Amino acid sequence: MNNFKPDFSHRLNSLSIDHENFTLAALADTLILMSDRALAVINLMAVQYDGDRGQFSDAINSAALDTVDREINDIKETLSAFLRANVTIVQDKTELSLTQKSTREAK
């Protein structure tokens with residue numbers, strides 16, 4: 001089991017995927033699609049409280065909420081990984097600034 005390393009790159013399904021040169025535009029595409037998936041599940045869950053429709057089982061609601069939770073955590077980790085790879089954080093006594101790493105430094 002030590003070699004168990006699944007490839008989750010399919011989670012980064014931007015419209016312009018290039019994992020070697022993942023750009024800010026690709027990040028934006030990816031995060032928008034990820035947030036759309038989470039919102040879709042929330043909207044599907046909301047219909048159960050609209051009018052005379054029946055409610056989903058606790059198991060379905062729990063799984064749906066877990067799906068949204070995992071999607072949001074994926075969004076946070078994707079953004080964090082992008083920032084770690086591409087941004088240098090510089091902080092002095094008065095200001096926090098983000099600067100893009102040079103191509104050489106990012107690798």
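Everything numeric here is computed off the predicted structure, so don't read it as measured data. All residue numbers in this chain count up from 1 along the given sequence.
- Residues passing the salt bridge (charged side-chain N to carboxylate O under 4.0 Å, His left out) test with D66, sequence neighbours excluded: R70.
- Taking the side chain to side chain contact (heavy atoms under 4.5 Å, CB included) definition, one finds that A81 meets it with E77, R84, sequence neighbours left out.
- Following chains of ILVMFWY side-chain contacts shorter than 4.5 Å, one can reach L83 starting from M34, so the two form part of one hydrophobic cluster.
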Inset, instruction - Carefully, step by step, assess V41 and E71 under the rule side-chain contact (heavy atoms from CB on, under 4.5 Å). - result: CA-CA 10 Å; V41 173; E71 195 70 50; over 6 Å; no
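- Two different hydrophobic clusters hold F56 and I42 under the rule that ILVMFWY side chains link at heavy-atom gaps under 4.5 Å.
- Counting non-hydrogen atoms of neighbouring residues, nucleotides and ligands closer than 6.0 angstrom, the CG atom of D36 exceeds 12 such neighbours.
- Going from atom CZ of R37 over to atom CG of L33 covers 6.5 Å, rounded to the nearest 0.5 Å.
- Note that the CG atom of L44 and the CG atom of L39 stand 11.0 Å from one another [nearest 0.5 Å].
- A 4.5 Å side-chain heavy-atom check between T23 and L27 finds every atom pair outside the cut-off.
- No donor-acceptor pair closer than 3.5 Å links the side chain of D69 to the backbone N or O of L65.
- With T67 contributing its side chain and A63 its backbone, the two residues share a donor-acceptor pair below 3.5 Å.
- Linking ILVMFWY residues whenever their side-chain heavy atoms come closer than 4.5 Å, directly or via other members, places I75 and L24 in the same cluster.
- One side chain, Q48 or N61, offers a donor N or O that lies under 3.5 Å from an acceptor on the other.
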